[in-house]
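Only one structure is covered here, and it is reproduced in the block below.
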Amino acid sequence: MSTQPDRRDTPTVVVARTLRPGREAAYDRWLSRVEAVAARAPGFVGLESPPPTPESPDERVVVYRFATPELLGDWLTSQARRRVMDRGQALFVGEPVEQVVALPRVTEPVTAVASFDVLPGRRAAFRDAHAALVTVLTGFPGFLRSELLEPVDGVQDQTVVLFSFASRPDLDRWIASPERQEELAHIRPLLQHPHTLNVVGGFAGWFSAADAAPVRRWKQALVVLAALFPTALTLGLLRQAVLPDLGVVPATFLGNAAGVAILTWLLMPWLTRLLDGWLRR
């Protein structure tokens with residue numbers, strides 16, 4: 001079985017129209033209706049409508065993505081689509097320009113945060129074990145980078161390691177791999193307690209805005225790290241204080257669920273509002 005990331009193309013139709021002046025509000029309402037109708041079609045993946053450019057302020061482009069070419073074809077010829085298109089015909093000048101293409105399926109990077117209680121006097125050995133682990137990871141499909149964060153007296157008691165992969169399937173393959181189990185076998189004798197693992201998915205949903213420029217990936221990663229590190233560290237310390245005997249699987253699940261909830265509904269909305277000006281530059 002191949003371990004390469006899924007790079008199949010996503011069947012896509014790009015539709016461009018010229019909007020009549022003064023019909024912007026009506027167009028927005030119509031587009032919401034189009035998306036609602038398309039979302040009920042089998043195989044619908046998503047709809048995007050990028051903002052008009054200064055060079056073509058009246059042009060409106062809509063991009064539809066479907067799971068297979070057959071399902072895209074069914075949508076394009078469906079009665080439901082024809083009816084909703086007819087309802088918006090008066091909003092536009094001339095006929096639409098449609099282009100069916102196959103765009104590469106894009107996956108968001110994912111980061112795993114592992115916290116370790118290293119035995120006294122074994123930090124140097126742990127650094128060596130981490131270096132050996134990174135050597136193995138470098139040859140693993142989808143691996144992007146790893147960072148080792150040493151303990152800080154009075155602030156951070158644990159050693160924290162960040163692992164970034166190109167996609168969640170890549171990370172899942174690593175977690176289930178015999179290579180990982182072999183490397184963990186070398187690391188376990190250096191630890192006081194079993195390590196904890198938190199996983200945070202792609203960043204795009206935290207930074208997306210329909211009327212704003214896209215945020216650079218390195219800025220996304222920096223802001224997520226600023227929120228992710230203290231979250232993972234605090235949750236790990238709380239888990240050890242409150243439920244020190246909790247098994248690895250339930251501890252990982254609870255840590256993941258709590259971490260994602262805190263980031264999604266608390267820290268990331270606050271941070272992205274606070275840093276919005278810098279993020280959009």
Side-chain angles (χ1 to χ4, degrees), residues 1-8 104-152 156-203 217-218 220-222 224-233 235-237 239-240 246-257 259-260 263:
M1 179 182 296
S2 174
T3 58
Q4 293 298 321
D6 185 356
R7 299 302 300 169
R8 291 174 298 172
R105 182 175 297 170
V106 177
T107 56
E108 289 293 335
V110 63
T111 298
V113 183
S115 301
F116 301 88
D117 285 312
V118 180
L119 287 166
R122 305 308 304 272
R123 289 186 184 178
F126 185 88
R127 285 193 291 270
D128 292 341
H130 174 258
L133 175 63
V134 171
T135 300
V136 174
L137 278 166
T138 301
F140 206 85
F143 174 70
L144 298 177
R145 67 188 65 84
S146 177
E147 184 174 357
L148 174 65
L149 304 176
E150 298 273 10
V152 178
Q156 172 194 335
D157 296 329
Q158 294 180 307
T159 299
V160 177
V161 179
L162 306 179
F163 303 95
S164 294
F165 284 79
S167 69
R168 182 57 193 257
D170 291 324
L171 172 61
D172 289 342
R173 280 189 288 269
W174 164 250
I175 291 175
S177 69
E179 293 92 336
R180 176 175 179 267
Q181 296 304 319
E182 183 177 346
E183 294 304 315
L184 284 177
H186 298 314
I187 291 174
R188 287 191 187 101
L190 308 176
L191 307 179
Q192 299 185 68
H193 307 289
H195 74 288
T196 61
L197 182 71
N198 293 278
V199 178
V200 174
F203 308 151
R217 283 287 178 84
W218 70 268
Q220 294 184 30
L222 196 61
V224 171
L225 178 60
L228 178 61
F229 174 66
T231 300
L233 179 62
L235 289 174
L237 293 174
R239 197 273 302 170
Q240 290 180 9
L246 190 64
V248 174
V249 172
T252 301
F253 173 79
L254 290 176
N256 288 347
V260 169
L263 290 174

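Only a predicted model underlies this, so the values are computations on that prediction, with no experimental measurement involved.
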For the CG atom of Leu184 and the CD1 atom of Ile175, what is their distance to the nearest 0.5 Å?
10.0 Å
Interatomic distance, CG@Leu133 vs CD@Glu182, rounded to 0.5 Å, equals 11.0 Å
What residues form a side-chain hydrogen bond (donor to acceptor under 3.5 Å, both in side chains) with Arg122, not counting sequence neighbours?
none
If the condition is side chain to side chain contact (heavy atoms under 4.5 Å, CB included), which residues does Gln192 pass it with, not counting sequence neighbours?
Asp117, Leu119, Pro120
How close do [X] and [Y] get, heavy atom to heavy atom, and via which atoms?
X      : Y      : result
Glu179 : Trp174 : CB-CZ3, 4.0 Å
Phe126 : Thr159 : CE2-CG2, 3.5 Å
Gly142 : Asp170 : CA-OD2, 3.5 Å

Name all pairs fulfilling the salt bridge (Lys or Arg N to Asp or Glu O under 4.0 Å) condition that reach into residues 126-140, sequence neighbours left out, sorted by first residue then second.
Arg127-Glu150
Which side chain to side chain donor-acceptor pair (under 3.5 Å) pairs, counting each pair once, include a residue from residues 129-140, with sequence neighbours left out?
His130-Ser146
